[in-house]
Structures are given as C-alpha cells and as structure tokens.
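As the structure is a prediction and not an experimental result, all values here were calculated from the model.
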Amino acid sequence: MAYTDKVIDHYENPRNVGSLDKEDPSVGTGMVGAPACGDVMRLQIKVNEQGIIEDAKFKTYGCGSAIASSSLVTEWVKGKTLDEVKMIRNKDIAEELELPPVKIHCSVLAEDAIAAAIADYQSKHVTA
Amino acid sequence: MTLKLPIYLDYSATTPVDDRVAKKMCDCLTAEGNFGNPASRSHVFGWKAEEAVEDAREQVAALVGADPKEIVWTSGATESNNLAIKGAAQFYKKKGRHIVTMSTEHKAVIDTCRALEREGFEVTYLDPEPNGLMDIDKFKAALRDDTVLASVMFVNNEIGVVQDIVQLGSICRENGIIFHVDAAQATGKVKIDLESLPVDLMSFSAHKTYGPKGIGALYVRRKPRIRVEAQMHGGGHERGMRSGTLATHQIVGMGEAFRLAGLEMANENERIRMLRDRLWAGLQDMEEVYLNGDFERRVPHNLNVSFNYVEGESLIMALKDIAVSSGSACTSASLEPSYVLRALGRNDELAHSSIRFTFGRYTTPEEIDYVIALVKRAVGKLRDLSPLWEMYKDGIDLNSVQWAHH
C-alpha cells in the first residue's frame, strides 16, 4: 500500500525516540496495544511543576502508520498542558497524516497512548 | 557493477515470463502468427493452432512424467484446485462425503473445501508439525471409512517445505481415497514423476515457473481412471472437463516454460541453493532471528525468516529497495498474521515479524549481499524503535505482560 509523504517522513526520521525513567514521579508512561495485534505503542511524557509537558518520548512496534502516529503525537504534546493534550483526537492525527481507512486504528492507538500516559502521571499525583 | 533497484525477491508470488517464452507466445497472436481457434476443424488455421496446443501439452506432460492425455488446460492453479476438489468430491460423493486437507494449504484449496462444506461435505483441516510438515501418522488417523478425497500441497507457498507426497499418496491408495496435490509451487523446483507417484490429481500453474499468468493445468490420472465433474460448462473442450476456447498463446507459453524448466532445473536449483545459503549465512548471526519451516525438506527458492520484536509491515517499508512479502497482514482492522505461520504454532510476535524471501532465475550474488546489509540496517533501526526489543533486552518476559488488547 502507498504511504503518504508525511507518514514516510515520520517513519524515516522519527521524532523523540527513546525512553524516560518510568519511576520518576514527573514521568507518565502509557503503553497500549498488544503484540498479538501487531502493534504496541509506548508514550512517555515528562511534566514540569507548571503542569506543562516539557518532554515526550516514544517507542513503537508496529506498521509505518503506527510509528508515524506516535512520532507525531510526541511533537504535538510537547509544550502543552495535560488538559490541552486531552483534546487531541485520533481524527486529528489521522487527518494530519492522511491515514487511509485501514490505518485509522493506528491513530486510535496513539490517542489511547496519550490517555494512558496522562492517567499514569496522574496516578502518581493523587492529592489527598 | 551497479545494482538495479528494487531487487525482486518475490518469485513465489510470480515470476517474470522468460524472454524465450514471450517470443513463442507473440508468435500466436497476430494475423501473421498462429492465431487460429484450436477447436476449428475445417481449416488450416485451426489445425495449426491445435498442433501448437498439443505440442505444449506434451511439454507440460514431459516435465511431470504424465501422459499428454492426462493434462487438462485451465486458467491457473486456482481453477485446477477447484476443478480437482469440487469435481472429484461431487463425482464420487456416493462413496463418502469426508475430505482431509491441511490448514496450511493455499486459499484456493481451503476456500474450495469451505464451499464443499456448505454443500454438505465434512472437511478435516490438519495442522502440520512445527516444521511445517505433515505427520504421516496423524494423516493416517484422520482418514475415515467415508473419506473420499485428500488434498495436500507439494511445496508450501509461504515456507517452501516439501511434503512427503509419496507416503501420503500411498496411504490414500491403500485406502481407496482419491489424492489431489497442489503443485503450483513445485514445478521446476522438485522432480515430479507422475508415472511413479501415487497421485490422482495434480494442479499446475505457468506463472510460478517463468510462464504467463492466466494459464494452468490439471493432471487427471487415466490408469486407474479418475473422473471429475466439470465446473465450467460449454463447448465440451478438454474432453468435457473444462469448456472454453483454448488460449493458444498462453498454452504455448506454459509449454515452453515447462520445457525450459525441465532442461535447466538441475543447474538452476543448485545455483539458487547457493544464493539462499548465502543469505541465510548473512542473516543468521543476528540476534533473535528464526527460520520458519524445515530447512532440509524445503525448496532452495524460499527463505522465510522471523525477525523477532520487529513488525513485518514496517520492516517491508524499510526494505523498499527489495520486493519481498510479509506474513503480517496489517492491512485490515483484524491485523491477522499469516495463518500458515500460526498453524506452525509460531507465537503472534514471530508470525507478525516474518519476511518471505523467494529467489529465482534472475537473482544474483551481488543482490543477495546488498539485501543482507540492508536487512541488518533496517532490523537494527526498527529494534531501536521497538518497546518489545527494549523489554526483551531488559529481561522482561513478554508473555507475563498484561496487554491492552484492542
């Protein structure tokens, strides 16, 4: 299948590949998907004291669209607050990368990864 | 010498038509050529076309050790499989309505069997051993008094393993069961001698053996005589088994392609084996690389490898300079990995991580060396991106992880 230039760009030059210390209280880690489904996405965010995401990293096992979706998301979340990031929808990702219908699940997975990373971060900061 | 990119390593999907074959085909098309209808009995145009068709029938029969009268032209192996399985099952249904086949057969066999199930037949789909081969005792155990037909492929299209057709056929013969073999991937790769093989029906394709697409043949044994119910009705061509005007140029192409295969297969297979071994030697020293299918009982043209913790479709994307296929079909929401690899008992990661390299007449050692370097680079890059690889390196057992299935 033919990939769009944007997918190929993210696939060939993925942004923000890597790992953050998942024990660090300022880091939220979201891992979604399953090897059985052919894609596993791990998104990590580092949130500063002002509640702004100052760094994001990803690693993804999956097709080119899955890699591109997670790479794009790391760019989008940086510099934003958690509330702003919660507004990112899979539709936005799919539109930006011009994903074909059979690859929409990749963008869904990326949205899930954001939610999972935020949930993990917030679970470390439950105010009594 | 500069390499021409992309490099074609998908010869099991199809092969290019050999130049010598194309030349013969072109001679059967235009007004100056042999364009007549082989069924025309009243003039020389028909007679000449018929002669070309019968010469080709002899060439196909010669490659597989059959009598030319046992060769029925079809549109390809899919049609041959349909005609053989439906045709025999329907003709002999009074003898029984049970069919035995394998879960790793081509879809043209599996789906044909499914269609027969809807007609009231019962089908047993046997799983192979982890090396892809059929266990003879399991096969024997699956046969019943009402088993009328068994169908097992000669060479598997995904993993290249060669089934023990002699043993399986002998068992069928002892039990009075018709034995069909899909040999689409076998011609020109393994020696086939139907005079001695205990096989009743065998399917062939031209385009896997440097002939054109759209033409194939079905071998139908005459001694003892096997009957099939026609699936295509019309003018009664091919002794009533398959109606439709014979495509002279396609048939001539298949004949020439099979003639060349007979002449050249011994040398060609030796050369291809060396290329295959060269690739495997180059890939084997990487970590977490697994060969799918038995190495010994396998055609030299196929190397199916899983690169653990790398997803197949993304790997193919990184290998855009080579044309290969993946066992991972990430093209639908279901994301089903190869049913053949699953039937071997490969886990999901390995099934999703497989690449099929298939070699042929025009593959060169320089191409293989290029592929080795490219694959190593691509797998390294994707593993750096893979959370599964990181977990593996950290000593985490992936089976112990609770995955969020979606």
- Sort out for me which residue in B:Arg356, B:Arg346, B:Glu158 forms a side-chain hydrogen bond (donor to acceptor under 3.5 Å, both in side chains) with B:Asn292.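 Of the listed residues B:Arg356, B:Arg346, B:Glu158, the side-chain hydrogen bond (donor to acceptor under 3.5 Å, both in side chains) partner of B:Asn292 is B:Arg346.
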Using non-hydrogen atoms only, which part of [X] is less than 4.5 Å away from chain B: side chain, backbone, both, or neither?
X: A:Ile104; answer: neither
X: A:Phe58; answer: side chain
X: A:Val17; answer: side chain

- Against chain A, work out which of B:Leu315, B:Asp384, B:Ile316, B:Val401 has the most heavy-atom pairs shorter than 4.5 Å and name it.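 Ranked by heavy-atom pairs under 4.5 Å with chain A, first place is B:Asp384.
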- Query: Mind checking what makes side chain to side chain contact (heavy atoms under 4.5 Å, CB included) contact with A:Thr4, not counting sequence neighbours?
  - Reply: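 A:Thr4 satisfies side chain to side chain contact (heavy atoms under 4.5 Å, CB included) with A:Lys6, A:Val7, A:Glu98 only.
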- By side chain to side chain contact (heavy atoms under 4.5 Å, CB included) - contacts of B:Thr104 (at least two apart):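 Only B:Met102, B:Pro128, B:Asn156, B:Val340, B:Ala343 meet the side chain to side chain contact (heavy atoms under 4.5 Å, CB included) criterion with B:Thr104.
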- With distance as the sole criterion, is a donor-acceptor pair present between the side chains of B:Lys208 and B:Asn157 under 3.5 Å?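 No donor-acceptor contact under 3.5 Å links the two side chains.
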Distance-only check: which donor-acceptor pairs under 3.5 Å involve side-chain atoms of residues 116-123 of chain A, not counting sequence neighbours?
from: A:Asp120; atom 1: OD2; to: A:Thr29; atom 2: N; distance (Å): 2.7
from: A:Ser123; atom 1: OG; to: A:Asp120; atom 2: O; distance (Å): 2.6

- Query: What residue, out of A:Ile8, A:Val40, A:Ile67, A:Val108, has the most heavy-atom pairs lying under 4.5 Å from chain B?
  - Reply: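 Heavy-atom pair counts peak at A:Val40.
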- Message: Quick check: under 4.5 Å, non-hydrogen atoms only, which of residues 386-394 of chain B neighbour chain A?
- Response: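 When heavy atoms of chain A are the reference, residues 386-394 of chain B contributes B:Ser386, B:Pro387, B:Leu388, B:Glu390, B:Met391 within the under-4.5 Å range.
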- Quick one: are B:Arg361 and B:Pro16 in side-chain contact, heavy atoms under 4.5 Å?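 The answer is no; the side chains never approach within 4.5 Å.
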- Message: Does A:Asp5, at its CG atom, have more than 12 non-hydrogen atoms belonging to other residues, nucleotides or ligands within less than 6.0 Å?
- Response: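 Check fails, neighbour count at 12 or below.
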- Message: Donor-acceptor pair, distance only, cut-off 3.5 Å: does the side chain of A:His105 make one with the backbone of A:Ala66?
- Response: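 Such a contact is absent between A:His105 side chain and A:Ala66 backbone.
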